[in-house]
Visitor: 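Got a structure for you, questions after.
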Number of protein chains: 2
Amino acid sequence: MDPASGFLPAKHNHRRCVEDALKTAEDVCRRRGQRLTEQRRQVLELVWQAHMPMRAYDLLDKLKKVHRAAAPPTIYRALDFLIANGLIHRIESLNAFVGCGDPEHAHAGQFLVCQDCHAVAEMADPGVATLLKKKASQHGFFALRQTVEIFGLCPACAENHGGDHTAMSAAAK
Amino acid sequence: MDPASGFLPAKHNHRRCVEDALKTAEDVCRRRGQRLTEQRRQVLELVWQAHMPMRAYDLLDKLKKVHRAAAPPTIYRALDFLIANGLIHRIESLNAFVGCGDPEHAHAGQFLVCQDCHAVAEMADPGVATLLKKKASQHGFFALRQTVEIFGLCPACAENHGGDHTAMSAAAK
DNA sequence: CACACGATGTTATGATGTTGCAAACGGAGC
DNA sequence: GCTCCGTTTGCAACATCATAACATCGTGTG
Ligand SMILES: [Zn+2]
Ligand SMILES: [Zn+2]
Ligand SMILES: [Zn+2]
Ligand SMILES: [Zn+2]
């Protein structure tokens with residue numbers, strides 16, 4: 001099962017979940033002739049450990065604990081590499097990064113971001129991507145890349161609000 | 001016609017286009033009991049003048065020419081006000097701002113951003129917004145706000161590339 | 001006028017991201 | 001092993017983006 005899709009099962013074997021992601025990353029990089037160096041692997045691991053959108057400087061702080069010399073370029077280079085290889089995605093509206101559960105296949109992801117608990121889930125719905133590309137082309141626009149980020153309430157947090165949609169729409173202002 | 005939708009007609013009366021936008025903004029604010037102060041009006045005018053995504057500090061530099069005391073908070077406060085009233089939109093992946101052609105009605109916009117000339121067009125396709133909300137809800141997610149930004153080539157720039165899609169797809173990597 | 005409230009001025013600081021150059025590393029070929 | 005060369009990393013400085021905190025001003029209301 002793809003560990004990044006959908007919101008987390010209430011309890012999952014997270015240690016295993018991170019290990020699998022790292023294993024997959026190694027496979028992907030080896031097949032592509034890319035070097036998943038120790039630094040890059042560590043940054044990827046930090047991103048997966050959190051299972052939350054992680055900001056660059058938060059990652060930097062954590063990385064410094066195992067690597068005192070780490071500096072901003074250290075982290076941004078690693079992030080660039082991981083993004084280029086589809087191992088993580090950047091959430092533009094948060095300036096943050098999340099692991100991708102399916103780095104083997106290029107895809108346009110759509111992200112569901114909870115305003116309450118900040119959890120993020122990735123949909124990679126080809127129908128959505130196709131529709132956007134088609135709508136764009138109706139405006140004479142040739143689409144190459146998509147950023148789709150949806151803010152709202154995840155299942156758990158919607159539940160906590162009692163499913164009270166009037167209250168929620170008030171909160172939404 | 002909505003001046004912000006679609007890419008610009010080859011030549012349009014831009015002076016008129018800006019005037020109309022400011023006029024509409026005044027109407028909207030008056031009806032809502034919001035104060036479109038001189039500073040806010042000037043920032044809105046600068047955004048519309050450019051007809052391009054404008055970054056905060058670019059706007060600040062321009063604003064300083066008519067208002068020496070302007071500082072970062074000056075511009076960000078004006079931008080916050082304009083966004084809150086739907087007069088401009090923020091393009092997250094560019095950290096930039098564009099005018100909205102339809103501030104009277106709340107809407108989820110989808111933005112087409114040209115990688116070549118940096119022009120931006122806004123689609124406000126309710127079908128897209130509805131589909132995203134529906135897809136999200138299928139994942140148990142209650143959607144409140146959407147960010148949709150599509151990168152690619154605008155009609156003019158696609159044309160300049162000779163409509164050569166093989167070359168473009170190569171460039172797209 | 002007195003007051004309240006929103007808007008602006010001002011300084012400083014925090015947060016995010018990049019450039020440029022030198023040194024170290026690592027695989028390919030000899 | 002050794003050289004060569006492209007990639008990766010170290011490091012310092014810089015560039016860009018955004019907010020905090022608090023004082024002051026302006027405007028409308030009673
Ligand atoms: Zn996990
Ligand atoms: Zn949540
Ligand atoms: Zn709009
Ligand atoms: Zn263009």
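Not measured: the values here are computed from a predicted model. Lettering follows sequence order; numbering is per chain, from 1.
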Visitor: With a non-hydrogen cut-off below 4.0 angstrom, is R68(B) in contact with a base, only sugar-phosphate, or nothing?
Guide: nothing
Visitor: Show your working on ring-ring contact (aromatic ring centres under 6.0 Å, His included) between F97(A) and H89(A) and close with a plain yes or no.
Guide: CA-CA 6 Å; F97(A) 306 83; H89(A) 294 290; over 10 Å; no
Visitor: Please evaluate the base of dG14(C) for a donor-acceptor partner in the side chain of Y57(A) within a cut-off of under 3.5 Å?
Guide: no
Visitor: On the 0 to 90° scale, with breaks at 30° and 60°, tag the H14(A)-H51(A) ring pair as parallel, tilted or perpendicular.
Guide: tilted
Visitor: Identify the 5'-most and 3'-most nucleotides of DNA chain D with at least one atom closer than 4.0 Å to a non-hydrogen atom of chain A.
Guide: dT8(D) to dA12(D)
Visitor: Measure OH/Y76(B) against C1'/dT13(C) and give the value in whole Å, please.
Guide: 14 Å
Visitor: Is it the case that over 12 heavy atoms from other parts of the model lie below 6.0 angstrom from the CZ atom of R68(A)?
Guide: no
Visitor: Counting only side-chain N and O atoms of N95(A), is one of them less than 4.0 Å from OP1 or OP2 of dG17(C)?
Guide: yes
Visitor: Can you tell me how far the CD atom of E122(A) sits from the CG atom of D102(A), to the nearest 0.5 Å?
Guide: 8.0 Å
Visitor: At under 4.0 Å between heavy atoms, how does the protein contact nucleotides 5-11 of chain C? Give one character per nucleotide, 5' to 3', with B, S or -.
Guide: --SBBBB
Visitor: Distance-only, no hydrogens or angles: does the R32(B) side chain make a donor-acceptor pair with backbone N or O of N85(B) under 3.5 Å?
Guide: yes
Visitor: Check R16(B) with E19(B), please: is the shortest side-chain N to carboxylate O separation under 4.0 Å?
Guide: no
Visitor: Quick one: does E149(B)'s side chain have a donor or acceptor within less than 3.5 Å of a partner on Q146(A)'s backbone?
Guide: no
Visitor: Between H105(B) and H107(B), is the ring centroid distance below 6.0 Å?
Guide: no
Visitor: Treating a pair as Watson-Crick (purine N1 to pyrimidine N3 plus N6-O4 or O6-N4) or G-U wobble (N1-O2 and O6-N3) with both distances under 3.5 Å, list the stems of 3 or more consecutive pairs that involve DNA chain C.
Guide: C:1-30 with D:1-30
Visitor: Is the shortest distance from a Lys or Arg side-chain nitrogen in D27(A) or K23(A) to a carboxylate oxygen in the other one below 4.0 Å?
Guide: yes
Visitor: Can you tell me if R31(B) has over 12 outside heavy atoms packed within less than 6.0 Å of its CZ?
Guide: yes
Visitor: Just checking, K133(A) and F142(A): is the charged tip under 6.0 Å from the six-membered ring centre and within 45° of the axis?
Guide: yes
Visitor: For dT16(C), take OP1 and OP2 only and decide whether either is under 4.0 Å from a side-chain N or O of R55(A).
Guide: yes
